[in-house]
Amino acid sequence: MTKLPSDAELTKLFHLGVSDIDLADEYGVSVQAVNKRMVRMGLRKKPIALRVNELVKSIWDVKTSRSGPSHHNAYVLKNLKIYMRGRLGDRVSETQRRDADWLIGRLIRDNTVIDYAGAEGGWRYVPRDPSDGRRVLRWPAGKPLPEADLQRAMELPD
């Protein structure tokens with residue numbers, strides 16, 4: 001079994017956004033071994049679901065309401081988050097994976113991306129534009145892109 005690289009190399013790979021799963025595969029160790037080493041080095045990532053939720057909040061001001069319609073628990077958003085979590089290596093159930101795969105299949109089939117039209121318009125599928133690249137969602141103009149691993153999580157599967 002291959003051992004993990006030096007702390008300096010792991011730090012570099014961490015900052016490049018390489019996932020623990022990819023590191024484990026590359027070096028022939030368990031994901032837990034990678035995670036343990038990263039924690040010992042002080043390179044602790046936030047839980048994946050929290051990172052995805054924070055990303056969504058940074059992109060859109062999604063309507064939430066205790067009474068009346070709300071967009072924060074819409075089917076499309078729920079499955080977008082599950083898809084991204086799965087791409088980041090989080091564990092999702094078979095049902096969740098199937099629902100997220102359905103969403104991505106629809107985007108590919110219809111050549112569309114997900115966009116949020118605000119409190120009045122809600123979630124919508126809009127025609128893919130060259131500026132979308134491989135992303136599954138329409139990135140708002142003027143917003144800085146997130147870390148590399150989150151950018152990859154927003155992309156269509158290979």
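Remember, predicted model here, so these are calculated numbers, not experimental data. The figures here come from the full heavy-atom set of this structure, side chains too, leaving out hydrogens, waters and symmetry mates.
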Below 4.5 Å, heavy atoms only, C-beta onward: do [X] and [Y] meet side chain to side chain?
X      : Y      : value
Met154 : Pro146 : yes
Lys143 : Ile59  : no
Met38  : Leu23  : yes
Thr112 : Leu107 : yes
Tyr83  : Ile104 : yes
Arg98  : Thr95  : yes

For this session: Please name the residue in the list Asp22, Leu88, Ile48 that meets the side-chain contact (heavy atoms from CB on, under 4.5 Å) test with Asp149.
Result: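 Output: one option passes, namely Leu88.
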
[X] with [Y], same ILVMFWY side-chain cluster at under 4.5 Å:
X      : Y      : value
Leu80  : Trp139 : yes
Leu10  : Tyr27  : yes
Leu77  : Val126 : no
Trp102 : Met84  : yes
Leu150 : Ile114 : yes

Problem set entry | Those residues that, when tested against Lys12, pass side chain to side chain contact (heavy atoms under 4.5 Å, CB included) (two or more places apart) | Glu9, Leu16

Exercise. What closest approach, in Å, do Asp132 and Pro127 show between heavy atoms, and which atom pair accounts for it?
Worked result: OD2-O, 4.2 Å

Exercise. What heavy-atom pair brings Gln151 and Glu155 nearest, and what distance separates the two atoms?
Worked result: O-CG, 3.4 Å

Would you find a donor on one side and an acceptor on the other, under 3.5 Å apart, between the side chain of [X] and the backbone of [Y]?
X      : Y      : value
Lys81  : Val52  : no
Arg128 : Gly133 : yes
Tyr116 : Arg138 : no
Arg134 : Leu156 : yes
Asn35  : Val31  : no

Exercise. What residues, two or more places apart in sequence or in another chain, satisfy side-chain hydrogen bond (donor to acceptor under 3.5 Å, both in side chains) together with Asp129?
Worked result: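 Counting only residues at least two positions away or on another chain, Asp129 forms a side-chain hydrogen bond (donor to acceptor under 3.5 Å, both in side chains) with Ser131.
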
Exercise. What residues, two or more places apart in sequence or in another chain, satisfy side-chain hydrogen bond (donor to acceptor under 3.5 Å, both in side chains) together with Arg85?
Worked result: Asp90

For this session: Would you indicate whether Arg109, at its atom CZ, is surrounded by more than 12 heavy atoms from other residues, nucleotides or ligands within a distance under 6.0 Å?
Result: yes

For this session: Check the angle between the aromatic planes of Trp60 and Trp123 and answer parallel, tilted or perpendicular using the 30° and 60° thresholds.
Result: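 Geometry flag for Trp123 against Trp60: perpendicular rings.
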
